[in-house]
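Quantities reported herein were computed from a predicted structural model and do not represent experimental measurements.
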Amino acid sequence: MAIIKADKLGVSVAKGPSLMTGAVPKNDWWDVPATFKPGNYAYPAKKEIIEYHTQKTFPSHPGLFGQPRDWDPETDDWNLPDGWEKIILNGLKERLDKFRSLKIFMDCCVRCGACADKCHFFLGTGDPKNMPVLRAELLRSVYRNDFTLGGKILGKMAGGRPMTFGVLKEWFMYYYQCTECRRCSVFCPYGIDTAEITMIGRELLHLVGVNINWIMEPAANSNRTGNHMGLQPHTFKDNIEYLCDDIEEITGIRCNPTFNRKGAEVLFITPSADVFAEPGIYTAMGYLLLFEHIGLDYTWSTYASEGGNFGLFTNNEMMKKLNGKMYAEAKRLGVKWILGGECGHMWRVLHQYMDTMNGPADFLQVPTSPITGTRFDNAASTKMVHISEFTADLIKHGKLKLDPKRNDHRIATYHDSCNPARAMGLLEEPRYVLKNVCNNFHEMPENTIRESTFCCGSGTGLNTDEIMELRMRAGLPRANAVKYVREKHEVNMLSCVCAIDRATLTSLNNYWNPDVEVCGVSELVGNALVMEGEKERETGLRFEPLAGMEG
Amino acid sequence: MRILNPFIAVLALIAVGLVAAQVPGGQALMGIVLPYLAFALFLGGFAYRVMQWAKSPVPFRIPTTCGQANSLPWIKQNKIDCPSTKLGVIARMILEVFLFRSLFRNTKAEMHEGPKLVYGSSKFLWLFAILFHYCFLIIVLRHMRLFIDPVPGFVAALEFGDGFLQIGAPVFYQTDAIFLGAIAFLFLRRVMLSNIRYISLPADYFPLFLIFGIAVTGILMRYVFRADVVAIKQLTHGLTTFAPAIAAGQISPIFFIHVFLVCALLIYFPFSKLMHMAGVFMSPTRNMINNSRMVRHINPWNDPNIKPHSYAGYEDEFREFMKEGGIPVEKE
């Protein structure tokens, strides 16, 4: 779909009538219906995809994804099952009993509004229902109506709303205009986390078969082929070998990675986008060079070939199921521990959910770097280490031969991915790595990094082309901070540790900051690594000329 | 309507209090029966709500990390905003509960031409929220002189500190003025900021009006109508010693309005957003240790029947491709 030009959208964002620019809607928010039109919603899942999930992924859980069917959000008949309201309310009751977070977050909000202008979707769209407080009120109003004394007696007076088709439409619109980035929860005086609300909202929508294809199809691929791209084992391997060919051409060094090898010390898992799509593949080349450099005894897996987890964007059952492959494969191969590549939401699942859902990983050992001897006690139970932690430790111990001048053609800044920042606390490791592998590094403004970092605007399965304008709006706060350092320090490379970011920030920069590229931190590591017996490097991993080699 | 309805509701409560104070037997009802009832409902309702929350498990460890995690030994951890120990969580909670740390982070975003986003510091909400809550606390504690005999030392000290300006007789308490000012700020903010007005519900205005009513009637009683303190003390002491008695006709009606509004607040409290007072302690994004990779967190409803698509099933589907591609297989 053709999308509005950046200069025009820029005027619309800054001057168009919205709550961000001071225009207050005439009607109360509960009287403003959600209207779907091309460009403001992601396409529903194809019928056969839901059939696959119903029959193959979760035959044990009938109803988890509603009835497979064709439906069109733009019409007023979504083909919902009979008694769908009851299904939603029962689902809500079940989740109130399962999640204390949900109960507390339903009950405690005082609507102080501290969260309002913290959301990138609100900043970019000015749509009142993108204020985290109202996003939660969409669900909270139904909760009040049916689950609180005040709501049962006073109904609308107490802010209650019955579950209607209009409410369902709002949920579908606004729970898919939230990327579960948790920025609002940093500022909320009660720590109310809209990610929880959105996750539960999406779970409820699934029960009546309301979903989007961009999440459900990758989830189906992940289940069947092991990765969301749907790469079959031989293709997965071939792709990595192509990357090895490129590495050989650039460095003269041949890497020989192994696949599904039993007895390796370490299993390495990264998002499959890193082996398939630009610019992630350059990050993967960085991994390959790093492991070759230190002679790591590791293997890739084609079965557990996806770090990302589209279940996190679906429901907790799917998240558990897709994640289960990691431990299952580590056990089958008999590795000692698992090393994880650069990915944002993948690390939310690994850090906050994996051990609980699929542990205990008592068949693995506490991760210990075979090169430095460092024991990663912070991963003593989960037994999975982040590549930035691993690399930072190597650099600290002087185990890497680095020539940061090879990144002199890059003036880098660093984008904290939402989940490693706010659901893990991984802030310094990637910065330490960056400062050791490149000479030019500048931070973006402090309100836009670390725990205050802004989402790329397209996380949680929203990086689909049919909602491009929405994504460019939601990504504006991030793009704006990039623009700031580009103008001030001539930054030309936005580095990050997230596969979704690598894809989405590329689109975002092409739109708002066309001369800033995007890379994974490990790509810059790969550029800087001085390999034993290598030939003189004239280009970086993208075949781009190095500084001083341009002619 | 969102503002008017709760305002009328509070006016109605005041009217009920005023009338009830003047009908025969009304004073005993309002001064003795209702306070006991309201206090019981408050305690019972409060405990019920907390127990209802506690009944639901915390299936996953989901702290919001607001600083560097415990990682490699040479990387400086933010032990409070990203705690890896119980002690760190306690420190985080103390800062949250007593100093409203998260609210202190507040910023204000502005959209300028360009488009250009600018973030400015914005501490007013934090400041007035702190003033409001601490004044409320001090005022409640000051009232303990009416219920405890002899008056505890800390109450007397609070009173002295609160009235240190020594203006007027009886001495003017500065918390009274700050309290009214803070309530006024919180109200005006809701009305004047367009996005806050848009999100506000009757349930946001009602407690503000109610608490404002309580404060105003209290202040009037102390400085203007000069209710009979001795008779009031007799009544309040009687309540705490479970030997309540009312000296008929000695206490001004303004006192009964004040008491009636307080009772309304106590009864309303457990069923309203005011429960954030308890909720802040139980919020999983704040009160959990960020050690989920170190110590396994247990989910009581974790479903062991959810298993990944098996490797055997995967190999069965792709065996030939794997063999051709030189990828090891389990079954030839």
Top contributor to chain B interface from [options] [non-hydrogen pairs under 4.5 Å]:
| options | answer |
| --- | --- |
| Leu476(A), Asp355(A), Thr21(A) | Asp355(A) |
| His386(A), Arg450(A), Met131(A) | Met131(A) |
| Ala14(A), Ala304(A), Ala114(A), Ser381(A) | Ser381(A) |
| Asn223(A), Val13(A), Leu134(A) | Asn223(A) |
| Ser12(A), Gly126(A), Pro25(A) | Pro25(A) |
| Met357(A), Arg261(A), Met326(A), Glu196(A) | Met357(A) |

Check whether Arg296(B) gets within reach of chain A through its side chain, its backbone, both or neither, counting any heavy atom under 4.5 Å. both
Portion of Asn305(B) that has a non-hydrogen atom of chain A nearer than 4.5 angstrom: neither
Heavy-atom distances under 4.5 Å only: say whether [X] touches chain B with side chain, backbone, both or neither.
| X | result |
| --- | --- |
| Tyr327(A) | neither |
| Leu149(A) | side chain |
| Phe454(A) | side chain |
| Val24(A) | side chain |
| Thr148(A) | neither |
| Ala328(A) | side chain |
| Cys115(A) | neither |
| Asp28(A) | both |
| Asn260(A) | both |
| Ala392(A) | both |
| Ala116(A) | side chain |
| Val133(A) | side chain |
| Trp300(A) | neither |
| Ser60(A) | neither |

Do Lys98(A) and Trp301(B) form a cation-pi contact, if we require the NZ or CZ to be under 6.0 Å from the six-membered ring centre and within 45 degrees of the ring's axis? yes
Quick one: does NZ or CZ of Lys108(B) land under 6.0 Å from the six-membered ring centre of Tyr119(B), within 45 degrees of the ring axis?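 No, Lys108(B) does not sit over the ring of Tyr119(B).
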For the interface with chain A, which of [options] has the highest count of heavy-atom pairs at distances below 4.5 Å?
| options | value |
| --- | --- |
| Gly325(B), Pro115(B), Gly279(B) | Pro115(B) |
| Lys307(B), Glu315(B), Glu110(B) | Lys307(B) |
| Val58(B), Asp204(B), Leu274(B), Val329(B) | Asp204(B) |
| Arg197(B), Lys55(B), Gln52(B), Gln77(B) | Gln52(B) |
| Asn299(B), Ile196(B), Val280(B), Ile327(B) | Ile327(B) |
| Phe100(B), Phe321(B), Tyr198(B) | Tyr198(B) |

Within this structure, what is the CG-OG1 distance for the pair Asn480(A) and Thr448(A), rounded to the nearest 0.5 Å?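 Atom-to-atom, Asn480(A):CG and Thr448(A):OG1 are 9.5 Å apart.
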Side-chain heavy-atom pair Asn195(B), Leu193(B) within 4.5 angstrom cut-off: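 Side-chain contact under 4.5 Å: yes.
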Could you check whether any side-chain heavy atom of His309(B) comes within less than 4.5 Å of a side-chain heavy atom of Leu322(A), counting everything from C-beta outward? no
When you check the gap from the basic side-chain N to the acidic O, do [X] and [Y] get nearer than 4.0 Å?
| X | Y | result |
| --- | --- | --- |
| Lys320(A) | Asp303(B) | no |
| Glu241(A) | Lys237(A) | yes |
| Asp107(A) | Arg140(A) | no |
| Glu137(A) | Arg144(A) | yes |
| Arg183(A) | Glu451(A) | no |

Could you point out which residue of Phe132(B), Phe128(B), Trp126(B) forms a ring pair (Phe, Tyr, Trp, His ring centres under 6.0 Å) with Phe185(B)? Phe128(B)
Do the ring planes of Phe7(B) and Phe209(B) sit parallel (below 30°), tilted (30 to 60°) or perpendicular (above 60°)?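 Phe7(B) vs Phe209(B) ring planes: perpendicular.
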If the plane angle is over 60° it's perpendicular, under 30° parallel, otherwise tilted; pick one for Tyr311(B) and Tyr303(A).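 Perpendicular: the ring planes of Tyr311(B) and Tyr303(A) meet at over 60°.
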Is a side-chain donor-acceptor pair under 3.5 Å present for Thr285(B) with Arg182(A)?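 Side chains of Arg182(A) and Thr285(B): no pair found under 3.5 Å.
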For Ser71(B) and Glu428(A), does a side-chain donor sit closer than 3.5 Å to a side-chain acceptor? no
Would Tyr314(B) and Phe318(B) count as a ring pair (Phe, Tyr, Trp, His ring centres under 6.0 Å) here? Give the steps. CA-CA 6 Å; Tyr314(B) 171 84; Phe318(B) 297 113; 5.2 Å; yes
